[in-house]
Engineer: 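If you scroll down you'll find the structure; I have some questions about it.
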Number of protein chains: 2
Amino acid sequence: MQTAKTLRMTPQRRVILEELRKVDTHPTADELYEMVRKRLPKVSLGTIYRNLDLLSSDGVIQKLQAGNSQMRFDGNAEPHMHISCIKCGRVADVHSGPDTSALSQEVETDFILLGCTVLLYGICPQCAADGKTSERFTP
Amino acid sequence: MQTAKTLRMTPQRRVILEELRKVDTHPTADELYEMVRKRLPKVSLGTIYRNLDLLSSDGVIQKLQAGNSQMRFDGNAEPHMHISCIKCGRVADVHSGPDTSALSQEVETDFILLGCTVLLYGICPQCAADGKTSERFTP
DNA sequence: CTTGTTGCAAACTCTTTGCACTTAG
DNA sequence: CTAAGTGCAAAGAGTTTGCAACAAG
């Protein structure tokens, strides 16, 4: 989970991180690309991907698999639950709820247990209102 | 999550289902393709994908996102926890542990809650023994 | 300086799809 | 019969990577 290399603070990296932390929408790489592009028009999608990868490997941000094929990113590296809309793919934080970190302690497995993710899924308020087109979702 | 169409029981479909249920390894589409190919040499990968899709949409099997980009499949449709090896990607069932279905009831969200998946991750016995090459993993 | 980083475009992986033919019910 | 399913090959989405030029420390 950690890179030995020193991460240089390039303008690109800084803006990516700033933009990601500015929102709580858990954007996809593409969405973040558009956000960053408004400030750095010449940035490339490859740079976005490379940075998101480095930053998540370093534990600075979180890479999320939220029920569809596209990865999403969370500027908040603290472990917390997420809920994903099966219709539109939107992802939201879940701040309440039971302590899932204890979950790991109660499990029987021959694996060396390192952690646990909980993904809730459902329908977001927007999609509940208007019956929009459905997206691919895998619980 | 359900198809209106009647699912015909073709030899391909039957063998795919049989092979999937024969193992507890949660194979990828490709792995299952190889397994099915031993019995039906002319089967196509497209057929594997189409059937896995239909069967999981029908709730006959489960499609899993287990920490890497490739989907995995579980012949056991009953909801249960999985643990994924961050090194080799192997996925195992977790039979013990707390009741995670209750989890949904304790959560505060403006989404219409439909369900919840728990993915544990760690290092499998095999990888713990020999320090093999690492794979991509996203909690 | 030196090594990490960037933009670009091409490559890659996994999955989906269009089509003409086949087949289960 | 006829709608569902198949094999094949091509297309698609999302992500990764090789390379030469660039820049942070």
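Order of the sequence lines fixes the chain letters, A, B, ..., with proteins taken first and strands second; residue numbering starts at 1 for each chain.
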Engineer: Answer whether the closest heavy-atom distance between the side chains of Ile86(A) and Leu114(B) falls below 4.5 Å.
Structural biologist: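 Yes - at least one pair of side-chain heavy atoms lies under 4.5 Å apart.
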
Engineer: Check whether any side-chain heavy atom of Phe111(A) sits under 4.5 Å from a side-chain heavy atom of Ile123(B), and report yes or no.
Structural biologist: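 No, side chains not in contact.
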
Engineer: So, Asn76(B) side chain and Glu78(B) main chain: donor-acceptor pair closer than 3.5 Å or not?
Structural biologist: yes

Engineer: Leu54(B) CG to dT6(D) C1': how many Å, rounded?
Structural biologist: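 After rounding, the gap between these two atoms is 12 Å.
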
Engineer: Take Glu18(A) and Arg14(A) through the test salt bridge (Lys or Arg N to Asp or Glu O under 4.0 Å) and record every step on the way to the result.
Structural biologist: CA-CA 6 Å; Glu18(A) 282 175 11; Arg14(A) 188 166 35 71; 3.7 Å; yes

Engineer: Using a cut-off of strictly less than 4.0 Å between a heavy atom of the residue and any atom of DNA chain D, enumerate the qualifying residues of residues 25-41 of chain B by number.
Structural biologist: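 Going residue by residue through residues 25-41 of chain B, none turns out to have a heavy atom under 4.0 Å of DNA chain D.
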
Engineer: Rounded to whole Å, how long is the line connecting atom CG of Asn51(B) with atom C1' of dT6(D)?
Structural biologist: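 Those two atoms, CG and C1', are 9 Å apart.
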
Engineer: dT13(C) C1' sits how many Å from Met71(B) CE, rounded?
Structural biologist: 13 Å

Engineer: Can you check the Gln70(B) CD to dT15(D) C1' distance for me, whole Å?
Structural biologist: 14 Å

Engineer: Using a strict cut-off of less than 4.0 Å between a Lys/Arg side-chain nitrogen and an Asp/Glu carboxylate oxygen, indicate whether Lys63(A) and Asp74(A) qualify as a salt bridge.
Structural biologist: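 Answer for the salt bridge query: no.
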
Engineer: Rounded to the nearest 0.5 Å, how far apart are OG of Ser69(B) and CD of Gln70(A)?
Structural biologist: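 These two atoms lie 13.5 Å from each other.
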
Engineer: Describe, in one word, how the ring planes of His26(A) and His80(A) are oriented to each other, choosing from parallel (under 30°), tilted (30 to 60°) and perpendicular (over 60°).
Structural biologist: tilted

Engineer: Taking atom C1' of dC14(C) as reference, at what distance in whole Å does atom CZ of Phe73(B) sit?
Structural biologist: 11 Å

Engineer: Is there a side-chain contact between Glu31(A) and Arg72(A), using heavy atoms and a 4.5 Å cut-off?
Structural biologist: yes

Engineer: Can you check the Leu7(A) CG to dG4(C) P distance for me, whole Å?
Structural biologist: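 Computing the Leu7(A):CG to dG4(C):P distance gives 11 Å.
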
Engineer: Would you call Lys38(B)-Glu19(B) a salt bridge at under 4.0 Å N-O?
Structural biologist: no

Engineer: Side chain of Arg8(B): nearest nucleotide among dT23(C), dT15(C), dT3(C)?
Structural biologist: dT23(C)

Engineer: Whether the side chain of Ser56(A) engages the backbone of Leu52(A) through a donor-acceptor N/O pair (distance < 3.5 Å, no angle test) should be reported.
Structural biologist: yes

Engineer: Near DNA chain D, under 4.0 Å by heavy atom, which residues of residues 9-20 of chain B?
Structural biologist: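 Those residues are Thr10(B), Gln12(B), Arg13(B).
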
Engineer: What integer distance in Å separates Lys42(A):NZ from dA9(C):P?
Structural biologist: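 It works out to 10 Å between those atoms.
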
Engineer: With a 4.5 Å limit on heavy-atom distance, are the side chains of Leu119(A) and Ile83(A) in contact?
Structural biologist: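 No, their side chains stay 4.5 Å or more apart.
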
Engineer: Using whole Å, what does the distance between atom C1' of nucleotide dT15(C) and atom CZ of Arg72(B) come to?
Structural biologist: 16 Å

Engineer: dC14(C), OP1 or OP2 - any side-chain N/O from Asn68(B) closer than 4.0 Å?
Structural biologist: no

Engineer: Look for any protein N or O under 3.5 Å of an N or O in nucleotides 17-22 of chain C and output each such pair with its distance, or none.
Structural biologist:
unit_1: dG18(C); atom_1: O6; unit_2: Arg50(B); atom_2: NH1; d: 3.3

